[in-house]
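One structure below.
Here is how names work: the chains are called A, B, and so on, in the same order as the sequence lines, proteins then strands, and each is numbered from 1.
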Amino acid sequence: MPELPEVETIRRGLTPLLVGRRISGVVVRRNDVVGFPDAADFARQVAGHRFTGTSRRGKYLMLELEGGRQLIVHLRLSGHLEVVTGSVRPRYERVRFGLSGGKALSFVEPRALGRVYFVNWTAYPPALAGMREMGEEPVRAGFTTDYLAAKLRGRKASVKSLLLDQRVCCGVGNIYSDEALHRAGIRPTRRAGRLSRAEVGRLARALRGVLNDGIKWCGTTMEDGRYVLPDGTRGGFQERLRVFGREGQRCWRPGCEGVIRRVQIGNRGARYCPACQE
DNA sequence: CTTGTGTCCTGTAGGC
DNA sequence: TGCCTACAGGACACAA
């Protein structure tokens, strides 16, 4: 669930809590959430370094450590990061980073699908190959109609599944792809290569718009409350969703009589309005 | 290369 | 009441 806006919000919230602090020690409570190197080396190598800054690439959160190395976190579906006081140990804590000053950064991940990596910027491990192949950031200037058109040209897959492909536009997941397609008035089932130039233009604009709005509202906190900001508060974009989680409800678009429908594309759900998305 | 499918993982929702 | 199954989702391995 954490997609680009949620990861960006987490990054912004964590930055002042981490930068300048030193990692006093690392406890790996579950080895398989460490993607690289192996858990023992990870714990040994990360300990002792100081946080110098943060950045983000797609859904990857990068915590910069001194010496140009990075602690990279992917939250996948249910992961989150919180800064806790020394005595607090959250349920489902998988890795704990003790911090100078007594607090700790806790990587909490009930489903254990999320991963942490410790890499040197010159040598990204095969486990992070996906990161190097990642496409343009939809919130950056390089994400133009031309760029998206080139990525979709000749492709027979559904536009929905290509929006979820991180090599096409990184940081997009199920929520924001559904929302962008609704804003653009395009059905998720459409063959990507069959979109007109005008439709691709609307889609590029919609992706930029919906992701920037997601960031502006600090991400989407659904009913399960799994995603929250580092200070524990909820995001605000869930109140502005137009199709995600609105199956069976009337379309948001003024004047549209449609009822939001859910279809299966590949192995994930897509929601759309049959009346205003063609 | 492209596309679709299965897998990982576990809490939760729904059925009976 | 309680068990059982299906489902959710991001990324990747794999088959066709």
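The CG atom of A/Asn267 sits 10 Å away from the C1' atom of C/dG10 (whole-angstrom rounding). The separation between A/Arg111 atom CZ and C/dG9 atom C1' is 7 Å, rounded to whole Å. When the P atom of C/dG10 is taken as reference, atom CG of A/Leu75 falls 12 Å away, rounded to whole Å. Rounded to a whole Å, the CE atom of A/Met134 is 12 Å from the C1' atom of C/dG10. Note: CZ (A/Arg262) to C1' (C/dA6) measures 12 Å, nearest angstrom. Regarding A/Tyr117, its OH atom lies at a distance of 15 Å from the P atom of C/dG10, rounded to whole Å. Distance CG (A/Asp224) to C1' (C/dA8): 10 Å, rounded to an integer number of Å. Rounded to an integer number of Å, the gap from A/Asn174 CG to C/dG9 P is 5 Å.
The side chain of A/His74 lies closest to C/dG10, out of C/dC12, C/dA8, C/dG10.
A donor-acceptor distance shorter than 3.5 angstrom exists from the side chain of A/Glu3 to the backbone of A/Gly173, with no hydrogens or angles considered. Within the 3.5 Å criterion, the main-chain N or O of A/Met134 finds no donor-acceptor partner in the side chain of A/Arg167. At least one donor-acceptor pair under 3.5 Å links the side chain of A/Glu109 to the backbone N or O of A/Arg111. Under the 3.5 Å distance criterion, the side-chain polar atoms of A/Arg271 are matched with a main-chain donor or acceptor of A/Gly269.
A/Arg115 comes within contact range of no nucleotide atom at all, as no heavy-atom separation falls under 4.0 Å. When heavy atoms are screened at a 4.0 angstrom cut-off, A/Arg226 is found touching no nucleic acid atom at all. Note on A/Tyr227: nothing from the nucleic acid sits closer than 4.0 angstrom, heavy atoms only.
In summary, the side chains of A/Lys160 and A/Thr189 do not present any donor paired with an acceptor at a separation below 3.5 Å, with no hydrogens or angles considered. Residues A/Thr233 and A/Asp231 have side chains that bring a donor and an acceptor to within less than 3.5 angstrom of each other. Side-chain contact of A/Ser106 with A/Glu93: a donor-acceptor pair under 3.5 Å is present, judged by distance alone. Counting only N and O atoms by type, the side chains of A/Thr54 and A/Arg11 include a donor and acceptor under 3.5 Å apart.
Protein chain A contacts DNA chain B over a range whose 5' and 3' limits, counting nucleotides with an atom under 4.0 angstrom from a non-hydrogen atom, are B/dT2 to B/dG11.
Of the charged side-chain nitrogens involved, none lies within less than 4.0 Å of a carboxylate oxygen, so that A/Asp213 and A/Arg208 do not count as a salt-bridged pair.
Direction change of the helix axis from one end of the helix from B/dT2-C/dA16 to B/dC16-C/dG2 to the other is 50°, with five pairs defining each end axis (rounded to 10°).
Less than 6.0 angstrom separates the ring centroid of A/Phe237 from the ring centroid of A/Tyr176.
No hydrogens or angles were tested; on distance alone, a donor-acceptor pair under 3.5 Å links the side chain of A/Arg268 to the base of C/dG10.
Cation-pi geometry between A/Arg246 and A/Trp252 is not met: the NZ or CZ atom fails to fall both under 6.0 Å from the ring centre and inside 45° of the normal.
Near DNA chain B, meaning a heavy atom under 4.0 Å away, the residues from residues 147-162 of chain A are A/Arg155, A/Lys156, A/Ala157.
Judged by closest nucleotide on DNA chain C, A/Leu113 is the one of A/Gly130 and A/Leu113 placed further toward the 5' end.
At least one side-chain nitrogen or oxygen of A/Gln166 sits closer than 4.0 Å to the OP1 or OP2 atom of C/dA11.
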TODO: Would you check, one step at a time, whether the test side chain to side chain contact (heavy atoms under 4.5 Å, CB included) holds for A/Lys59 with A/Glu6?
DONE: CA-CA 9 Å; A/Lys59 298 169 195 167; A/Glu6 289 76 32; over 6 Å; no
